[in-house]
There are 2 protein chains.
Amino acid sequence: MGGQRLLLAVAGCLMCTWGLRAATLDLTSISGPAVVEQLLHLATFSDDPLPAVTRLIFTPNDMKARKYVKQLMKEAGLTIREDPMGNIYGRMHGSTKTTGAVVTGSHVDAIPLAGAYDGTLGVIGAIAALKALGEAGFRPEKPIEALMFTSEEPTRFGLGCIGSRGMSGALTVETLNDKLDVNGTSFQAASTAAGYGGKSHETILEGTRVKPGSIAAFVELHIEQGPRLEREGLQLGIVSAIAAPAALRVFFSGDGGHAGALLMPDRNDAGLAAAELALAVEKATLDAGAIDAVGTTGFLQIGPNSMNSVPREAKLEIDIRDIDAARRDRTVSSVLKSVEEIAARRDVRHRVEMINQDPPATCSQEVITAATEAAKELGASQKALVSRAYHDSLFMSQIAPTGMIFIPCRNGWSHRPDEFASAADIETGVKALALTLARLAGTAAAGEHSEL
Amino acid sequence: MGGQRLLLAVAGCLMCTWGLRAATLDLTSISGPAVVEQLLHLATFSDDPLPAVTRLIFTPNDMKARKYVKQLMKEAGLTIREDPMGNIYGRMHGSTKTTGAVVTGSHVDAIPLAGAYDGTLGVIGAIAALKALGEAGFRPEKPIEALMFTSEEPTRFGLGCIGSRGMSGALTVETLNDKLDVNGTSFQAASTAAGYGGKSHETILEGTRVKPGSIAAFVELHIEQGPRLEREGLQLGIVSAIAAPAALRVFFSGDGGHAGALLMPDRNDAGLAAAELALAVEKATLDAGAIDAVGTTGFLQIGPNSMNSVPREAKLEIDIRDIDAARRDRTVSSVLKSVEEIAARRDVRHRVEMINQDPPATCSQEVITAATEAAKELGASQKALVSRAYHDSLFMSQIAPTGMIFIPCRNGWSHRPDEFASAADIETGVKALALTLARLAGTAAAGEHSEL
């Protein structure tokens with residue numbers, strides 16, 4: 001009889017610990033409508049009338065948004081800290097002091113006339129996930145942090161993902177020195193006026209850069225900004241890779257002339273050079289032989305742009321993206337080669353400016369697995385997919401195992417006031433995030449106290 | 001002795017009439033510097049400060065210019081009449097009443113920031129030529145008229161050569177009804193306010209249209225607006241043909257999309273359709289296989305014209321010129337076919353607007369011969385050449401044997417304030433014009449009185 005009791009007790013303990021680990025955490029405190037209410041409240045801090053959201057870094061509406069985010073973090077029981085660039089962290093302490101934190105976050109700033117879900121879902125949803133984990137009695141081994149990046153949109157300073165670039169070390173003092181807003185205000189001046197900042201861009205970046213090992217994993221919850229999940233009736237997308245753009249600006253110039261008087265053999269038409277280059281961009285992209293390779297001549301301007309004038313100058317802006325860095329850079333090289341060849345053949349002068357060439361990212365298998373299992377646990381339909389827009393996750397992937405979880409958005413629309421995600425999909429996404437974080441952070445052993 | 005005297009008398013009479021016909025008319029009254037002085041005085045009637053000349057039809061400076069032109073016509077002893085569109089004629093009467101007049105003229109209106117010689121040379125020079133013929137005692141068989149077209153430049157009403165179009169019948173009431181200036185003023189209102197005009201565009205055109213047979217020949221003296229005569233050190237160009245443009249506007253539209261998210265197979269990029277069409281215009285032009293064929297995509301605009309947006313729409317303006325109407329129209333057809341083919345292949349919507357398609361002109365052999373002999377008589381160097389810009393002569397050629405005489409202009413520059421022709425070249429041109437007119441008008445038989 002004693003042997004049977006012992007067996008039961010052991011089984012009970014095992015079941016108990018196993019249960020605490022594998023039993024579905026009680027995430028019923030996560031309410032889609034409640035999260036939507038918070039998102040819509042956040043959206044009221046906008047320079048434009050709702051439903052349009054315009055919120056640029058360090059403007060008054062952005063300061064109100066930050067205040068609201070910190071209030072929610074406090075209500076979730078998180079310990080708040082902010083860095084000199086203005087990234088805001090809310091920490092749920094773990095039982096260990098020595099490992100990096102599991103971090104989840106996104107941004108709340110918005111380009112002019114945007115919607116209420118892009119970025120904000122990953123901040124409000126992160127806080128809601130951590131709050132629910134706490135209320136469910138979950139005690140993580142590693143600390144978990146909700147993070148609001150200071151700015152993801154390039155609108156004010158002409159550089160996207162400025163916060164995650166700073167954190168990952170992908171931002172140099174030289175680059176930050178060049179980034180002035182339309183009024184000529186520097187990041188240092190603007191951040192300092194907002195209560196962040198510091199003496200110089202150097203000290204600001206130093207205080208922002210993440211110490212190696214302090215982030216164990218990074219997860220970002222985001223609307224898909226594409227139509228695939230909705231079309232296929234799926235609730236979640238587990239991102240496998242994040243495409244990154246290489247962007248370049250090309251100038252051609254010739255001698256122009258009168259459209260009637262200048263004979264064909266005497267021309268060096270900059271517009272035709274541009275036409276050839278736009279088609280070469282398409283060809284180089286298709287020659288990459290991969291569905292994930294995209295290339296676009298989105299901007300093309302010729303001058304003087306008058307019907308009876310042979311074009312004298314042309315300016316193009318070209319965007320080339322892929323999930324494979326080497327393949328994307330081969331496409332860029334091919335385009336650069338075409339610039340030279342076309343310029344020589346057309347006898348026009350040429351100039352190229354590389355605008356950026358960020359490396360694409362492959363998501364971490366650990367994060368992908370955790371998110372996939374979270375989806376299974378929820379019974380949510382999901383598929384793996386590529387993120388074709390880039391996010392702060394692109395830069396975080398340089399310093400930590402990173403992954404993203406997508407939810408569908410209506411028609412795939414984003415960057416417009418009628419951007420929309422349903423309360424049901426939002427609830428699924430936040431719950432999936434919470435379960436993913438729990439898996440990544442691990443459960444504290446029974447009896448261990450949270451580190452402080 | 002009586003027989004000898006008779007013979008001498010007859011010989012004398014014959015020599016006398018032959019002499020009056022073939023002896024170099026005494027054109028020493030034609031002074032290059034004097035004509036230049038008149039051109040520079042005319043140039044002072046300008047909306048912009050000299051040397052820039054801006055003078056739009058029926059504006060106050062244009063009215064001053066008209067007054068000056070009529071004053072010069074009067075001083076030249078010409079009989080003045082004006083038609084409802086504002087074309088101004090100064091007639092030197094001939095000995096016959098029943099044949100058409102030999103007419104010579106050009107325009108004095110000027111596009112913004114133009115020079116002092118474009119068009120004006122052919123008006124001031126025409127009056128100077130007729131004055132000199134009168135002072136040389138020349139009595140024409142056919143009447144000779146100096147003509148100032150009411151407007152050649154398209155600036156105010158969006159239609160070039162409006163006066164010669166009206167005279168030749170190439171202008172319909174419907175077209176004129178559509179031509180409003182930037183303030184919405186109609187031609188009827190503006191011309192009537194200027195002292196011309198009439199009840200309606202119909203009555204205005206009726207009163208302007210030239211009666212068949214009333215113009216025996218038309219000659220226009222003009223600066224070359226090209227560099228060939230100057231480069232080859234020639235004093236005169238005898239125009240053999242006048243190129244004419246066909247102009248069309250093409251619109252493509254697709255669905256656009258996000259440069260990162262929209263995969264290549266799913267695109268219908270309007271910018272790439274435009275790029276293909278611009279290159280097709282070049283190819284169709286070169287395929288015409290003639291040096292005189294020119295084709296230009298001078299205007300190209302894509303939208304939204306943003307680097308991370310797949311172009312959703314494109315607008316092109318295409319200018320195709322040739323001296324051979326059938327060949328030019330074959331080039332236009334080829335381009336139209338390319339529009340259809342490209343639109344189908346790229347899966348974009350398309351729309352074409354023909355802006356104009358005026359027939360080119362071959363100059364009259366009679367006028368060419370008269371001008372060539374005039375040049376020989378002057379001992380002036382000359383060559384035959386094509387006019388690549390079009391002029392009022394293009395429309396006059398539809399109703400009368402027509403020719404043009406070019407003089408060199410510095411660097412071929414025109415439509416700019418530093419446009420320049422030398423006094424020496426101007427003198428040669430006006431003298432050549434006078435001799436050409438004399439040949440075309442024929443000499444009145446001795447004893448015949450000028451018709452009134």
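These values consider heavy atoms only, across backbone and side chains, with no hydrogens, waters or symmetry-generated copies. Per chain, numbering begins at 1; letters A, B, ... match sequence-line order.
Residue A:Leu277 does not touch chain B at all, counting heavy-atom pairs closer than 4.5 Å. Contacts of A:Ile320 with chain B are absent, with no heavy-atom separation under 4.5 Å from either backbone or side chain. For A:Arg249, no part lies near chain B; criterion is any non-hydrogen pair under 4.5 Å. If you measure heavy-atom distances from A:His258 to chain B, the contacts under 4.5 Å come from the side chain alone. Residue B:Pro227 does not touch chain A at all, counting heavy-atom pairs closer than 4.5 Å. Using a 4.5 Å cut-off between heavy atoms, A:Pro304 does not touch chain B at all. No part of A:Ala243 comes within reach of chain B, as not one of its non-hydrogen atoms sits under 4.5 angstrom from that chain. Contact of A:Ala293 with chain B is made through the backbone alone, with heavy-atom distances under 4.5 Å. Interface residue A:Thr285: only side-chain heavy atoms are found under 4.5 Å from chain B.
Ionic pairing of B:Asp358 and B:Arg328 is not present here: no N-O contact between side-chain nitrogen and carboxylate oxygen is shorter than 4.0 angstrom. Ionic pairing of B:Arg228 and B:Glu230 is not present here: no N-O contact between side-chain nitrogen and carboxylate oxygen is shorter than 4.0 angstrom. We find that B:Arg346 and B:Glu276 are joined by a salt bridge, their nearest charged nitrogen and carboxylate oxygen being less than 4.0 Å apart. Salt bridge absent: B:Asp329 and B:Arg327 never bring a charged side-chain N and a carboxylate O closer than 4.0 Å.
Between chain A and the options B:Ile355, B:Ile318, B:Asp292, heavy-atom pairs under 4.5 Å are most frequent for B:Ile318. Among the candidates B:Gly260, B:Pro245, B:Ala275, the residue making the largest number of heavy-atom pairs closer than 4.5 Å to chain A is B:Gly260. Comparing A:Val281, A:Asp319, A:Val386, A:Asp269 by how many heavy-atom pairs each has under 4.5 Å with chain B, the most go to A:Asp319. Most heavy-atom pairs under 4.5 Å with chain B: of the set A:Ala278, A:Ala389, A:Gly226, A:Ser306, this distinction falls to A:Ser306. No other option in A:Thr297, A:Leu300, A:Leu286, A:Leu262 has as many heavy-atom pairs under 4.5 Å with chain B as A:Leu300. In terms of heavy-atom pairs under 4.5 Å with chain B, the best-connected choice from A:Asn308, A:Asn305, A:Leu272, A:Leu263 is A:Asn305.
Atoms CD and NE2, on A:Glu224 and A:His222 in that order, are 11.5 Å from each other to the nearest 0.5 Å. Within the model, atoms OG of B:Ser151 and NE2 of B:His107 stand 8.5 Å from one another, a figure rounded to the nearest 0.5 Å. In this structure, A:Asn268 CG and A:Arg345 CZ are separated by 13.0 Å, a value rounded to the nearest 0.5 Å. Here B:Asp255 contributes atom CG and B:Arg267 contributes atom CZ; the two are 12.5 Å apart, rounded to the nearest 0.5 Å. Remark: A:Leu316 CG to A:Thr296 OG1 distance equals 12.5 Å, nearest 0.5 Å.
Here the side chains of B:Leu229 and B:Ile407 are not in contact, with every heavy-atom distance at 4.5 Å or above.
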